[in-house]
Amino acid sequence: MEQTLQDILIAAGALVVVIMLFAAAACAARRKNRGEIPITRPPATTGLSSTFDPKQVSMAELEKATHNFSPDLIIGCGSFGSNRVLVYEYVKNGSLDKWLLLGRKQDLIKIAETPRSSRLPLSWETRIKIVRGVASGLAYMHNLKTPIIHRNIKASKVLLDSDFEPHIGDFGFARIIDGSLSHVSTRVAGTMGYMPPEYIHGATMATAMGDVYSFGILMLEISTGIRPDLPFKQERNGKEVRLVEWAREKLAQNLHMEILDANISRAGLEESGVVEFLRIALLCASYSSKDRPPMREVVELLNRIPT
């Protein structure tokens, strides 16, 4: 009986340690937390510190806030499930995909639900700021002592605060890369259009390079305003093509300025910065994982882009 109790206590302790490690890494606090538990990126400086100062939220507070976990208040449901509570700091500007909808005629109905004062298109400078922030967050996660991979980086998983600072959200697919747990922690996952080729073609283990590919696709989406999860027809031949293939073809023809989102103002736009931005995006989205740079290197490349 005593041995059974001891085993239970050891198992419970191990679970608590895993949860604490995951929470600490997921926070990646970019500055002093504002009294809640955000999942965000590290500070703009290069120090990859895991220090954070979360506020504990009691079960009573959660029950009150959710009306005793009322099903009427469920805000999302996906492959990871629903009514699991995540506590974030308030992010005024919502998710990135809602802002990118401004350039998509097929989504004008959704845009109508957005307050008129919030419908200004994202400037090129703001888009670069968002990309740099997401890159910093992924670099932080990938370079922890026990690395974490997100496995589902895309526009809807990037939350924007009042200053358009990005926060990586929804860690339902995220996994700790631990050699002793690899058989349960690194199964492939993701969203079509963002998933790297090796995942689609039968790879059994997710890697940090998979996140790098998804990030490259996200960069293309942010710069072009085109959804990567849906193929579209080329005007010249009517052939269906996906975003990454189309972008590679355009850049090979030096048509980099033509593929930018029409909502981006060209006034004062540094063409050399656009060229470098798209070069980095396609480098991250390389077909072979061996050709993709690690996120720490991507951060350095992005910081050199003139704006």
Side-chain angles (χ1 to χ4, degrees), residues 19-44 48 50 52 54-55 57 62 65-66 73-101 110 114 118 122 126-127 129-142 144 147-176 189-191 193-195 206 208 210-219 221-222 227-229 295 299:
I19 292 174
M20 290 178 66
L21 280 173
F22 188 81
C27 276
R30 61 183 172 79
R31 56 173 78 115
K32 286 288 184 179
N33 289 335
R34 301 187 182 101
E36 295 179 357
I37 307 177
I39 297 177
T40 181
R41 72 179 183 92
L48 299 180
S50 60
F52 69 110
K55 172 189 175 184
V57 181
L62 290 177
T66 61
L73 298 179
I74 292 177
I75 60 174
C77 183
S79 56
F80 193 65
S82 61
N83 207 24
R84 297 185 181 212
V85 178
L86 296 177
V87 182
Y88 293 93
E89 65 180 301
Y90 178 59
V91 280
K92 179 179 179 180
N93 284 315
S95 59
L96 173 60
D97 63 322
K98 299 300 192 300
W99 289 85
L100 296 178
L101 290 177
K110 295 180 181 179
T114 305
S118 301
L122 297 174
T126 299
R127 295 179 197 228
K129 175 181 180 178
I130 292 169
V131 165
R132 285 172 173 165
V134 176
S136 295
L138 289 174
Y140 173 85
M141 292 164 56
H142 291 176
L144 289 167
I148 289 177
I149 51 177
H150 189 279
R151 299 200 303 167
N152 199 22
I153 287 295
K154 56 183 180 179
S156 63
K157 308 303 182 185
V158 177
L159 307 178
L160 304 173
D161 67 17
S162 58
D163 296 320
F164 286 94
E165 288 285 353
H167 302 244
I168 299 174
D170 194 346
F171 281 70
F173 277 169
R175 291 294 182 270
I176 295 173
T191 300
Y194 294 89
M195 288 180 67
D211 276 358
V212 175
Y213 181 90
S214 299
F215 174 77
I217 299 298
L218 177 63
M219 286 184 67
E221 180 179 14
I222 289 172
R227 288 179 58 173
D229 55 335
M295 285 308 306
V299 170

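All heavy atoms count here, side chains included; hydrogens, waters and symmetry mates do not. It should be emphasised that the depicted structure is a prediction, and the values quoted were computed from it without experimental measurement.
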Query raised in the report: Measuring from Leu160:CG to Leu96:CG, what's the distance to the nearest 0.5 Å?
Result: 5.5 Å
Query raised in the report: Do the non-hydrogen side-chain atoms of His167 and Val91 ever get within less than 4.5 Å of each other?
Result: yes
Requested in this report: Give, for atom CE of Met219 and atom CZ of Arg127, the distance between the pair rounded to the nearest 0.5 Å.
Outcome: 12.5 Å
Report summary line: Taking every heavy atom of Ala155 against every heavy atom of Tyr194, the minimum-distance pair comes out as N-OH, 3.7 Å
Requested in this report: Using salt bridge (charged side-chain N to carboxylate O under 4.0 Å, His left out) as the criterion, list what pairs up with Lys154, not counting sequence neighbours.
Outcome: none
Query raised in the report: Would you say the side-chain atoms of Arg132 pair up with the backbone N or O of Val299, donor to acceptor, closer than 3.5 Å?
Result: no
Requested in this report: Could you tell me whether the side chain of Asn93 and the main chain of Asp161 form a donor-acceptor pair under 3.5 Å?
Outcome: yes
Query - Side-chain touch Asp163/Lys129, heavy atoms, less than 4.5 angstrom - result: yes
Query raised in the report: So do the side chains of Met295 and Asp211 get within less than 4.5 Å of each other, counting heavy atoms only?
Result: no
**Report entry** Under 3.5 Å donor-acceptor, Trp99 side chain and Gly94 backbone
**Finding:** no
Query raised in the report: Heavy-atom distance under 4.5 Å between the side chains of Val158 and Leu218, does that happen here?
Result: yes
Requested in this report: Just jot down the side chain to side chain donor-acceptor pair (under 3.5 Å) partners of Tyr213, sequence neighbours excluded, or say none.
Outcome: none
Query raised in the report: Between His150 and Asn152, is any pair of side-chain heavy atoms under 4.5 Å apart?
Result: yes
Query raised in the report: Ignoring hydrogens and geometry, is there a side-chain-to-backbone donor-acceptor pair from Thr126 to Leu122 under 3.5 Å?
Result: no
Query raised in the report: Can you name the residues that form a side-chain contact (heavy atoms from CB on, under 4.5 Å) with Ser95, not counting sequence neighbours?
Result: Asp97, Lys98, Leu159
